[in-house]
Participant: 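Got a structure for you, written out below as structure tokens; questions coming shortly.
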Amino acid sequence: MTGFSLRSFISQLIIAFLVLSETCNARRGRQITTSSTSLYKKKGSKMLTNSPSKGYSATTFNVRDYGAKGDGKSDDTKAFDAAWTAACKVEASTMLVPSEYVFLLGPISFSGPYCQHNILFQLDGTIIAPADAEAWGSGFLQWLDFTKLIGITIKGSGKIDGNGAVWWHDTPFDDPTEEESKLIIPSNNTMQTSLPIPLNSSLGGRMPGIKPTALRFYGSSNVTVTGITIQNSPQCHLKFDNCIGVSVYNFSVSSPGDSPKTDGIHLQNSKDIIIRSSNVSCGDDCISIQTGCSNVYIHNINCGPGHGISIGGLGKDNTKACVSNVTVKDIIMHNTMNGVRIKTWQGGSGSVQRLMFSNIQVSEVQIPIVIDQFYCDKSKCPNQTSAVALSEINYEKITGAYTVKPVHLACSDSMPCVDVTLTDIQLKPLQEQYHMYEPYCWQTFGELYTPTVPPIQCLQVGKPSSSTAQANYGQC
Ligand SMILES: *[C@@H]1O[C@H](CO)[C@@H](O)[C@H](O)[C@H]1NC(C)=O
Ligand SMILES: *[C@@H]1O[C@H](CO)[C@@H](O)[C@H](O)[C@H]1NC(C)=O
Ligand SMILES: *[C@@H]1O[C@H](CO)[C@@H](O)[C@H](O)[C@H]1NC(C)=O
Ligand SMILES: *[C@@H]1O[C@H](CO)[C@@H](O)[C@H](O)[C@H]1NC(C)=O
Ligand SMILES: *[C@@H]1O[C@H](CO)[C@@H](O)[C@H](O)[C@H]1NC(C)=O
Ligand SMILES: *[C@@H]1O[C@H](CO)[C@@H](O)[C@H](O)[C@H]1NC(C)=O
Ligand SMILES: *[C@@H]1O[C@H](CO)[C@@H](O)[C@H](O)[C@H]1NC(C)=O
């Protein structure tokens with residue numbers, strides 16, 4: 001009898017202890033601020049840490065404390081929403097996605113117009129996207145969307161997996177990416193894509209026509225992404241739109257070379273951007289720079305498979321495009337469609353100015369250097385006189401092996417490219433059989449600062465004579 005009651009007393013004690021520690025954990029997770037932390041804040045120093053063993057501050061919001069299961073099957077979207085709502089209220093808080101769990105998330109917005117600044121999204125676990133059509137309704141442009149934040153960092157050793165395979169093969173035939181591949185890929189090339197086969201999602205039913213970007217930042221400043229990997233996005237992997245002050249480093253994108261339209265990193269209307277020390281493998285541009293971007297520094301990137309690093313297409317549907325001050329430096333490209341490319345549509349306006357492509361090492365790259373002012377997603381686009389003006393485009397130390405053509409510079413008749421400089425260009429065909437095309441230039445003006453391999457004789461020295469070309473040269 002005594003033994004029994006003692007046992008029950010002990011088990012009650014254990015239960016009491018469990019309940020208590022559970023409450024402590026929950027309180028720790030949800031705690032807003034303590035008087036001591038606010039005291040510290042006033043002094044301008046770091047926040048107090050009350051769980052030093054874990055190395056996270058008092059203001060850590062673990063998604064598991066908000067009901068996230070992390071079993072890869074349960075929908076954890078609501079739990080992430082709740083954890084974000086709490087983290088959002090605390091300056092410099094941490095939203096923790098712990099390692100060794102797989103969180104299934106539907107489309108979600110981490111929206112911040114009323115959030116405190118400098119939130120850290122610590123991603124150590126894995127986040128995966130649903131593969132059933134139902135979760136996507138009629139379609140979303142973004143899967144994980146961070147908007148209107150000041151100071152937002154995503155950091156950690158975690159992964160974001162877009163489960164893209166169920167979307168990729170639904171690509172319609174008039175997809176410009178496919179079209180583009182057909183136009184320039186020789187039949188023997190490893191990058192050739194197979195014809196799209198409609199594939200059903202895992203639960204039956206087709207995925208919506210709108211394919212989401214995996215991770216997007218919109219209208220935010222001081223944004224950092226580091227440590228994480230994004231893989232198998234339905235479409236673009238990482239996008240910045242309307243952001244100021246972006247830093248991406250020690251970051252990876254990993255998707256198959258034949259996954260359609262899967263840009264690695266996409267920049268648009270954003271400035272003061274550094275992307276460095278990262279690896280990008282995907283089915284479209286490793287990095288794509290669109291209109292409204294300036295002061296972009298891209299450094300130490302491995303790119304491939306993929307379509308290379310691109311500026312544009314700009315000026316579609318007679319729009320005005322402005323890109324300036326972009327440096328792309330110390331890049332290794334392997335098995336890509338292009339190396340560094342600028343593409344614009346006929347009929348556009350605005351300008352691309354002050355670009356530097358430096359130390360680009362290519363191997364098995366179809367065309368390492370491309371300017372295409374006749375970009376077109378059909379077999380033919382009507383000729384138009386207006387164009388996005390290109391000037392001060394500098395290439396130095398572009399070396400390695402190509403498989404189609406070393407240099408292709410096709411500029412507009414009415415808006416020739418000006419101040420194009422080439423220094424230390426050494427490009428060889430991968431094998432003799434690939435020596436099919438000579439360097440090509442059309443309406444390209446500038447200077448060769450050193451002899452090139454192969455010799456580039458098509459560049460026109462000086463400036464174009466046409467005065468119309470000089471008028472309004474790419475006002476932005
Ligand atoms: C940017 O964010 C980091 C960390 O989130 C913060 O320490 C830094 O002060 C911020 N910088 C600016 C200019 O706001
Ligand atoms: C890069 O990120 C990984 C996590 O993915 C981390 O373990 C490593 O220390 C980071 N390296 C650098 C140089 O920051
Ligand atoms: C593909 O390459 C092989 C040798 O590498 C060659 O014999 C064959 O003719 C090529 N096919 C085409 C279509 O170019
Ligand atoms: C796709 O699903 C539809 C019905 O949802 C079915 O009729 C069709 O056979 C499926 N196709 C494949 C290739 O599984
Ligand atoms: C990129 O790839 C290189 C070579 O494989 C590797 O050393 C480096 O750690 C990778 N970086 C990242 C961020 O994964
Ligand atoms: C050009 O961009 C770089 C960053 O790549 C920046 O440091 C520099 O100040 C910018 N130049 C101008 C004139 O804005
Ligand atoms: C368009 O312009 C290009 C380059 O000047 C020329 O080769 C082509 O024939 C023109 N096409 C039409 C339809 O005028």
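Each ligand, and each atom within it, is numbered from 1 in the order the structure gives.
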Participant: Using the ring of each side chain (for Trp, its six-membered ring), is W84 parallel, tilted or perpendicular to F110, with breaks at 30° and 60°?
Facilitator: perpendicular
Participant: Can you tell me how far CG of N269 sits from OG of S294, rounded to the nearest 0.5 angstrom?
Facilitator: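 It is 10.0 Å, given to the nearest 0.5 Å.
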Participant: Any pair with a residue in residues 281-300 that passes ring-ring contact (aromatic ring centres under 6.0 Å, His included), sequence neighbours left out, goes on the list, sorted by first then second residue, please.
Facilitator: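 Sorted pair list: Y297-H299.
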Participant: Under 4.0 Å from a heavy atom of N325: which atoms of ligand 6 are those, numbered in the order shown and with their elements?
Facilitator: 1 (C), 2 (O), 3 (C), 8 (C), 10 (C), 11 (N), 12 (C), 14 (O)
Participant: Once ring-ring contact (aromatic ring centres under 6.0 Å, His included) is applied, what residue pairs with a partner in residues 234-260 remain, sequence neighbours excluded?
Facilitator: F217-F240
Participant: Need the list: ligand 2 N/O atoms against protein N/O atoms, distance under 3.5 Å, rounded to one decimal.
Facilitator:
from     : atom 1 : to   : atom 2 : distance (Å)
ligand 2 : 2 (O)  : N250 : ND2    : 2.3
ligand 2 : 5 (O)  : G227 : O      : 2.7
ligand 2 : 11 (N) : N250 : ND2    : 2.8
ligand 2 : 14 (O) : N250 : ND2    : 3.2

Participant: Salt-bridge test for D419 and K463: reply yes if a basic N is under 4.0 Å from a carboxylate O, no otherwise.
Facilitator: yes
Participant: Can you tell me which residue pairs pass the ring-ring contact (aromatic ring centres under 6.0 Å, His included) test with a partner in residues 325-364, sequence neighbours excluded?
Facilitator: W345-Y375, F357-Y395
